[in-house]
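Whatever order the structure lists ligands and atoms in, that order sets their numbers, starting from 1.
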Amino acid sequence: MLKLDRTLSALSLVLLLSACASSYAPPPQKSLYERLGEKPAIEAVVNDFIGNVTADSRINGFFARANIPRLKTLLVEQICEATGGPCKYTGRNMKDAHAGMGIQDSHFNALVEDLSKSLDKFNVPAREKNELLTALASMKGDIVAH
Ligand code: HEM
């Protein structure tokens, strides 16, 4: 009888400890999409960013004949999807979209700087800013001319 008692109290201790451990588990991490402020925040940043790009004499020549409203829509879709949001990107892949433009490292860096300014303007925190810029930097190989 004493042995059974001991087994039962050991079992209750294990159950109690596992209940405590599960209640101290960290909450599930929100997606970057959610942390950025979802679609309205992404739209606001993209609007401001494209404003910076079209005013930036280092790169605005590339966009002289661009369809700006379409570009904004596609960029919002792309950022929404890439950050874990519910959108589906409907544009061309980055290689085809930028083929033959002769985009150099300096142009790519200028565009990232223009985006970075917009992220700062909307007070996007450093962690989210870095995550977004890292995701976009991974596309560089398909955008810059080799
Ligand atoms: C991570 C960086 C970049 C991203 C995420 C990006 C994204 C995009 C997207 C989504 C499109 C629309 C694709 C389509 O037409 O189906 C596009 C088009 C275009 N991009 Fe980029 N791009 C980047 C860098 C650049 C750079 C560095 C330049 C030049 C300095 C550039 C110039 C253009 C131009 C001129 C178009 C065509 C616009 C039009 O014909 O209406 N992009 N880009």
When you measure from atom 35 (C) of ligand 1 to every protein heavy atom, which one gives the shortest distance, and what is it? F62 O, 3.1 Å
Under 4.0 Å from a heavy atom of R70: which atoms of ligand 1 are those, numbered in the order shown and with their elements? 14 (C), 15 (O), 16 (O)
Identify every side-chain donor-acceptor pair in residues 34-45 under 3.5 Å, counting partners at least two apart or on other chains, and give the distances.
residue: E34; atom: OE1; partner: S31; partner atom: N; Å: 3.0
residue: E34; atom: OE1; partner: S31; partner atom: OG; Å: 3.3
residue: R35; atom: NE; partner: K30; partner atom: O; Å: 3.0
residue: R35; atom: NH1; partner: E128; partner atom: OE2; Å: 2.9
residue: R35; atom: NH1; partner: E131; partner atom: OE2; Å: 3.2
residue: R35; atom: NH2; partner: E131; partner atom: OE1; Å: 3.0

Could you tell me the residue and atom name of the protein heavy atom closest to atom 5 (C) of ligand 1, and the distance to it rounded to 0.1 Å? Q78 OE1, 3.3 Å
Quick one: pull up CG in L132 and CZ in R127 and give me the separation to the nearest 0.5 Å. 13.0 Å
Could an N or O of ligand 1 be found under 3.5 Å from any N or O of N67, whether backbone or side chain? yes
Protein N/O/S atoms closer than 2.8 Å to atom 21 (Fe) of ligand 1: H98 NE2
Option of least heavy-atom distance to atom 1 (C) of ligand 1 (set: L74, L136, D142): L136
Are K88 and E81 within salt-bridge range, i.e. N to O under 4.0 Å? yes
Just how far is it from atom OH of Y89 to atom CG of L75, taken to the nearest 0.5 Å? 7.5 Å
Show, in sequence, the C-alpha distance, side-chain angles and deciding distance for L136 and V112, and conclude whether the side chain to side chain contact (heavy atoms under 4.5 Å, CB included) test is met. CA-CA 9 Å; L136 297 182; V112 169; 6.0 Å; no
Pairing of K129 and D120 as salt bridge, 4.0 angstrom limit: yes
Side-chain donor or acceptor of H146 paired with backbone N/O of G141 under 3.5 Å: yes
Got a second to check how far F49's CZ is from L111's CG, nearest 0.5 Å? 3.5 Å
Determine, step by step, whether D142 and N93 satisfy the side chain to side chain contact (heavy atoms under 4.5 Å, CB included) criterion, reporting the C-alpha distance in whole Å, the side-chain angles of both residues, the deciding distance to 0.1 Å, and the verdict. CA-CA 9 Å; D142 285 341; N93 68 50; over 6 Å; no
Can you tell me how far CG of N47 sits from CG of N52, rounded to the nearest 0.5 angstrom? 11.0 Å
With heavy atoms of I103 as the reference, note each atom of ligand 1 found under 4.0 Å away. 26 (C), 27 (C), 28 (C), 29 (C), 31 (C)
Which distance, rounded to the nearest 0.5 Å, do you find between the CG of L115 and the CG of D48? 9.5 Å
Is there a heavy atom in M101 that sits closer than 4.0 Å to ligand 1? yes
Proximal ligand 1 atoms for I59, defined as those under 4.0 Å from one of its heavy atoms: 30 (C)
Going by disulfide (SG to SG under 2.5 Å), name the pairs with one or both residues in residues 50-146, residues two or more places apart or in two chains. C80-C87
Identify the closest protein heavy atom to atom 27 (C) of ligand 1: which residue and atom is it, and at what distance? F108 CA, 3.6 Å
Give the atoms of ligand 1, by number and element, whose distance to some non-hydrogen atom of L75 is under 4.0 Å. 7 (C)
List every atom of ligand 1 that sits less than 4.0 Å from any heavy atom of G91, numbering the atoms from 1 in the order shown and giving each element. 16 (O)
Pair up each side-chain donor or acceptor in residues 56-64 with any protein partner under 3.5 Å, not counting sequence neighbours, and list the distances.
residue: D56; atom: OD1; partner: R58; partner atom: N; Å: 3.0
residue: D56; atom: OD1; partner: R58; partner atom: NE; Å: 3.0
residue: D56; atom: OD2; partner: R58; partner atom: NE; Å: 3.4
residue: D56; atom: OD2; partner: R58; partner atom: NH2; Å: 2.9
residue: R58; atom: NH1; partner: E113; partner atom: OE1; Å: 3.4
residue: R58; atom: NH2; partner: E113; partner atom: OE2; Å: 3.3
residue: N60; atom: ND2; partner: T54; partner atom: O; Å: 3.1

Heavy-atom contacts with Y89 under 4.0 Å: which atoms of ligand 1 show up? List them by number with element. 10 (C), 13 (C)
Nearest-neighbour protein heavy atom for atom 32 (C) of ligand 1, which is reported as residue plus atom name and distance: F63 CZ, 3.2 Å
Nearest-0.5 Å distance that lies between atom CG in D105 and atom NZ in K140: 3.5 Å
List ligand 1 atoms under 4.0 Å from M139, heavy atoms only on the residue side. 5 (C)
Could an N or O of ligand 1 be found under 3.5 Å from any N or O of R92, whether backbone or side chain? yes
Name the option, out of A66, G61, P69, that contains the heavy atom nearest to atom 38 (C) of ligand 1. A66
